[in-house]
Amino acid sequence: MGRLVLNQLSRSFKDVKAVDNISLVVDDGDFLVLLGPSGCGKTTLLRMIAGLLDPTSGTLELDGRDITDQPSRRRDLAMVFQSYALYPHLSVAKNLAFPLSVRNSGGKASKAEISRRVAEVADMVDIGHLLERKPKELSGGQRQRVAVARALVREPKAFLMDEPLSNLDAKLRTATRQELAALHRRLGATFVYVTHDQVEAMTMATKIALLNGGRLEQVGTPDELYDKPASVFAAGFMGSPATNLLDAQLSTANGKITVMAPDVEAVLWEGETPEREIVLGIRPEHLTLNAAGSAAAAPSTGAALRGTVELAENLGREQLVHCRVGGRRIAVTCPREHRWEEGVAVVLSARAEHLHLFDRASGRRLEWQSEPSNPSAVPTHDDGAAASARQPTQALPA
Ligand code: ADP
Ligand code: MG
């Protein structure tokens, strides 16, 4: 078992609120990714879970027991650091055996037990042939495996990992990412994994907790964060190339809810709404590019953006075309076959269900009632008093 409950956890360093009132449940067997830009509080939060740092306020539970005041070594959690933190003077085998030889619960393991367990985990991460080497005789990828193996030997209730792949080159990072995800599936254990890389989060997580400035921005599955970003921040952070975000007005025209901005018009569906200032988000992969005046039939709902081509970037698999629309730059991904010349007049279109609407003042997502309701996609708000300063997800009249 390994179920973690974080209750209104905060940690300040002098006047910096590194972690600000975070409540979160990590279910047994979850691969939870703590995601966010550098400095948003990921490491601070993980160190509090590990017991390496005391919270300023809030509590932590592991399998129903309060562990807030329990020292790190008694928490039954294993941490893998970005730096791997291996003992340089010990062989790989001794590095792996170390956590077992100092185990204080249930006494020391016997020599035979230790070498059996070391061989077993070495096999799991494929380092059996490296057991006699010292860390300096290993490649970065091999060191990373030893660090993971050392966490495995203890059979902890949960694995805590802080950017464990960031010292690897791009190719090895992809391979190791897949290995870690497979290891998680095989063990069925709880993982809490810190990264600033949204691709790692999308590919490995069962659940993502997106952090921004020490606060929880959104919690959900990778699909939920991608399909229904809870805020302008979430829309901008998840996805590459980044979501196009533009200021617009929401209003009703001819009995339909519409979105207007310079050279942008979008018709959602029938209904009424009070006028309000919004931010419209559209992902580059959800836009279709056509030459202005071409015969593509205008759909009755969806968005149309009029502009000119400014720059086309060849990404190999596809191209990223940057267009000037109403004085703003909008990016659209499209197949490489067609060469888009600079200055050509174009129309960019997107389907209504691919339009993300956010309240301009609060930055929070606007939901509309005709959308299938999905409670887990609603942003999780911290319960503290400060939460009232932020508006919850708001309903639009259908
Ligand atoms: P992340 O891991 O997301 O990059 P951190 O948790 O390391 O972020 O840091 C969050 C914030 O707390 C940053 O502003 C950082 O400068 C600050 N911080 C972290 N550790 C300390 C410390 N020991 N003393 C002072 N400030 C710290
Ligand atoms: Mg960090």
Side-chain angles (χ1 to χ4, degrees), residues 4 6-24 26 30-60 67-68 71-72 75 77-86 140 143-144 147-148 151 158-170 173 176-177 180 191-205 207-220 222 225 229-240 242 363 379-380 382 384 386:
L4 278 161
L6 284 54
N7 272 317
Q8 301 186 5
L9 271 189
S10 295
R11 171 71 203 210
S12 299
F13 298 103
K14 298 203 178 93
D15 51 351
V16 179
K17 271 204 161 178
V19 168
D20 188 2
N21 199 24
I22 288 189
S23 297
L24 189 62
V26 189
D30 263 350
F31 195 123
L32 176 96
V33 171
L34 297 174
L35 176 68
S38 175
C40 72
K42 307 180 292 295
T43 294
T44 303
L45 186 55
L46 196 72
R47 288 171 58 83
M48 285 194 282
I49 296 172
L52 301 171
L53 193 66
D54 288 331
T56 311
S57 62
T59 59
L60 261 161
I67 56 163
T68 317
S72 179
R75 286 195 184 186
L77 304 168
M79 181 109 171
V80 178
F81 296 92
Q82 179 179 343
S83 60
Y84 311 141
L86 301 174
R143 266 179 234 165
Q144 202 274 338
V148 170
F159 295 90
L160 312 178
M161 305 194 174
D162 192 353
E163 313 236 10
L165 308 187
S166 57
N167 292 338
L168 307 181
D169 65 49
R173 210 156 51 219
T176 312
R177 184 174 90 200
L180 275 180
F191 281 53
V192 182
Y193 183 102
V194 162
T195 184
H196 64 276
D197 181 341
Q198 48 112 7
V199 178
E200 278 181 24
M202 284 300 288
T203 51
M204 293 198 285
K207 204 180 199 180
I208 297 174
L210 180 63
L211 272 65
N212 178 20
R215 307 196 53 153
L216 202 52
E217 193 78 19
Q218 183 171 10
V219 183
L225 267 82
S231 62
V232 170
F233 175 84
F237 195 82
M238 298 298 292
S240 174
T380 304
D382 12 1

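Counting convention: from 1, in listed order, for ligands and their atoms alike. Index from 1, following the sequence.
The nearest protein atom to atom 14 (O) of ligand 1, hydrogens excluded, is given as V16 CG1, 3.9 Å; this is a heavy-atom distance. Atom 8 (O) of ligand 1 has G41 N, 3.3 Å as its closest protein atom, hydrogens excluded (heavy atom only). Residue, atom and distance of the protein heavy atom nearest to atom 27 (C) of ligand 1 are F13 CD1, 3.3 Å. Atom 6 (O) of ligand 1 has as its closest protein heavy atom T44 OG1, 2.5 Å. Protein heavy atom closest to atom 1 (P) of ligand 1, with residue, atom name and distance, is G39 N, 3.5 Å. Nearest protein heavy-atom contact of atom 7 (O) of ligand 1 is T43 CB, 3.8 Å. If you check which protein heavy atom lies closest to atom 3 (O) of ligand 1, you get K42 NZ, 2.8 Å.
For the residue pair P164 and V194, the shortest heavy atom distance occurs at CD-O, 4.2 Å. Taking all atoms of both residues into account, the shortest heavy-atom contact from L180 to M204 is CB-SD, 4.2 Å. When all heavy atoms are compared, the tightest approach of T195 to D197 is OG1-N, 2.9 Å. The nearest pair of heavy atoms linking E217 to A230 is O-CB, 4.3 Å. Nearest heavy-atom pair across K42 and L211 is N-CD2, 4.2 Å. Residues A209 and L24 share a closest heavy-atom pair of CB-CD2, 4.0 Å.
Protein non-hydrogen atoms do not reach within 4.0 Å of atom 16 (O) of ligand 1.
Taking backbone and side-chain atoms together, T43 has an N/O/S atom less than 2.8 Å away from the Mg ion (ligand 2).
On a distance-only criterion, A18 and ligand 1 share no N/O pair closer than 3.5 Å.
Ligand 1 has no atom lying under 4.0 Å from any heavy atom of G36.
Using cut-offs of 30° and 60° for the angle between ring planes, the Y193 and F31 rings count as tilted.
Within the 3.5 Å criterion, the main-chain N or O of D15 finds no donor-acceptor partner in the side chain of S12.
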